[in-house]
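Structure record follows, encoded as structure tokens.
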Amino acid sequence: MENKSQKEQKNKRIIIEARGLKKHFGGIRAVDDVSFKLYESEILGIVGDNGAGKSTLIKLITGAYKSDGGEVFLNGNRLEIQNTLQLRKLGIETVYQNQGLVENMNAPSNLFLGKEKVKPGLLGRVFKWLDKKFMKDETNELLKKLNIELKNFALPVKQLSGGQQQSVTIARATYWKGKITILDEPANNLGVEEQEKVLNLVRNLRENHNISFIMITHNLEHVFGIADRILVMRNGKIVGDKNVKETTRNEIVSLITGAFV
Ligand SMILES: Nc1ncnc2c1ncn2[C@@H]1O[C@H](COP(=O)(O)OP(=O)(O)OP(=O)(O)O)[C@@H](O)[C@H]1O
Ligand SMILES: [Mg+2]
């Protein structure tokens with residue numbers, strides 16, 4: 001019998017579907033026949049021990065690695081060879097710890113990276129003058145709307161804290177109407193308060209902007225605090241797919257360590 005949350009899930013649109021993904025490095029099966037779905041405005045946590053295959057799985061989805069088998073579908077369409085910029089155009093943003101931003105550029109330049117706004121008229125069309133004021137104002141407005149505090153966003157982002165950098169990347173996803181954001185260890189190396197801010201931003205974006213998240217983390221508090229569903233990976237395989245409301249930390253730990261019989 002289906003339970004209530006399984007029924008609710010069925011009524012939601014599938015945004016990403018992976019089928020039979022495989023990746024090996026020499027003799028290591030880093031990702032071994034993995035299939036899963038990500039639903040509309042869902043926060044999906046992926047947990048597992050070091051080396052379980054979590055980051056490799058994400059890299060297969062984002063096209064950072066070429067898979068040795070399997071397929072990925074985005075809104076029902078098979079994704080062909082991808083790269084990060086192409087994926088951003090399709091609405092998928094990936095956030096790795098301290099990656100994704102150009103460190104020497106400020107927040108507005110990063111927000112408009114690859115999609116810079118040029119001045120209207122001849123200056124923009126012919127001379128490609130950037131409309132810095134527009135980009136700055138837009139950034140300001142967006143960060144305010146999302147409750148992200150950046151006192152001086154003219155600074156290169158490398159001078160911002162880890163949490164602020166992540167917030168800028170996540171905010172970029174909303175600005176460009178990204179529908180899926182993938183976070184690999186988003187709270188790694190962040191202070192407790194900053195972790196909370198990033199998690200609140202994720203919650204806010206899911207609630208108010210209908211964005212789906214895949215969040216890889218080692219922190220079970222985070223995943224239980226924020227995710228709707230948890231995938232557990234072990235030795236390259238998915239060994240658990242649980243609704244947060246129907247599982248316990250103990251069960252997830254057992255699945256992670258393989259203690260389950
Ligand atoms: N580029 C690579 N070359 C060779 N082996 C790799 C490569 N990337 C990952 N691996 C191996 O694949 C397996 C899965 O690694 P992966 O980084 O996906 O794990 P993970 O679940 O993200 O771990 P962690 O929690 O430590 O980040 C590991 O055995 C790892 O050593
Ligand atoms: Mg990893």
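Reckoned from all heavy atoms, side chains included, excluding hydrogens, waters and symmetry mates. Whatever order the structure lists them in is the order used to number ligands and atoms, beginning at 1.
Under the 4.0 Å criterion applied to side-chain N and carboxylate O atoms, Glu251 and Arg249 are not assigned as salt-bridge partners. Classification of Arg206 and Asp228 as a salt-bridged pair holds, one side-chain N sitting under 4.0 Å from a carboxylate O. A salt bridge links Asp32 with Lys237; the closest basic N to acidic carboxylate O contact falls under 4.0 Å. For the pair Glu40 and Lys12, the salt-bridge criterion is not met [side-chain N within less than 4.0 Å of a carboxylate O].
Set against the non-hydrogen atoms of Tyr65, the atoms of ligand 1 under 4.0 Å away are 1 (N), 8 (N). Those atoms of ligand 1 with a heavy atom of Ile28 less than 4.0 angstrom away are 29 (O).
Clustering ILVMFWY residues whenever any of their side-chain heavy atoms sit less than 4.5 angstrom apart, transitively, puts Val253 in the very cluster that holds Val239.
The two residues Arg229 and Asn243 have their closest heavy-atom pair at CD-OD1, 3.8 Å. In this structure, Gly225 and Arg203 approach most closely via the heavy-atom pair O-NH2, 3.3 Å. Nearest heavy atom pair, residue Leu142 against residue Ala171, reads CD2-O, 3.6 Å.
Heavy-atom proximity to atom 19 (O) of ligand 1, evaluated over Gly236, Gly53, Ala64, is greatest for Gly53.
The nearest protein atom to atom 9 (C) of ligand 1, hydrogens excluded, is given as Phe25 CE1, 3.5 Å; this is a heavy-atom distance. When hydrogens are left out, the protein atom nearest atom 27 (O) of ligand 1 is Ser55 OG, 4.0 Å; that is the closest non-hydrogen contact. The protein heavy atom nearest to atom 30 (C) of ligand 1 is Gly51 CA, 4.9 Å. Among protein heavy atoms, the minimum distance from atom 26 (O) of ligand 1 is reached at Asn50 ND2, 2.8 Å. The single protein non-hydrogen atom nearest to atom 12 (O) of ligand 1 is Ala30 CB, 3.3 Å, given as residue, atom name and distance.
Of all the heavy atoms of Asp184, none lies under 4.0 Å from any atom of ligand 1, so neither backbone nor side chain is involved. With a heavy-atom cut-off of 4.0 Å, His218 touches ligand 1 through its side chain alone. At a heavy-atom cutoff of 4.0 Å, ligand 1 is contacted by both the backbone and the side chain of Thr56.
Every N/O-N/O distance between Gly48 and ligand 1 stays at or above 3.5 Å. Ligand 1 has no nitrogen or oxygen under 3.5 angstrom from a nitrogen or oxygen of Leu57.
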Apply side-chain contact (heavy atoms from CB on, under 4.5 Å) to Asn50 and His218, showing your working.
-> CA-CA 9 Å; Asn50 295 117; His218 281 273; 3.6 Å; yes
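Among Val198, Thr217, Val47, Val202, the single residue meeting the side chain to side chain contact (heavy atoms under 4.5 Å, CB included) criterion with His222 is Thr217.
In this structure, atom 24 (P) of ligand 1 has protein heavy atoms in its sub-4.0 angstrom surroundings.
Checking Asn50 against the Mg ion (ligand 2), every N/O/S atom stays at or beyond the 2.8 Å cut-off.
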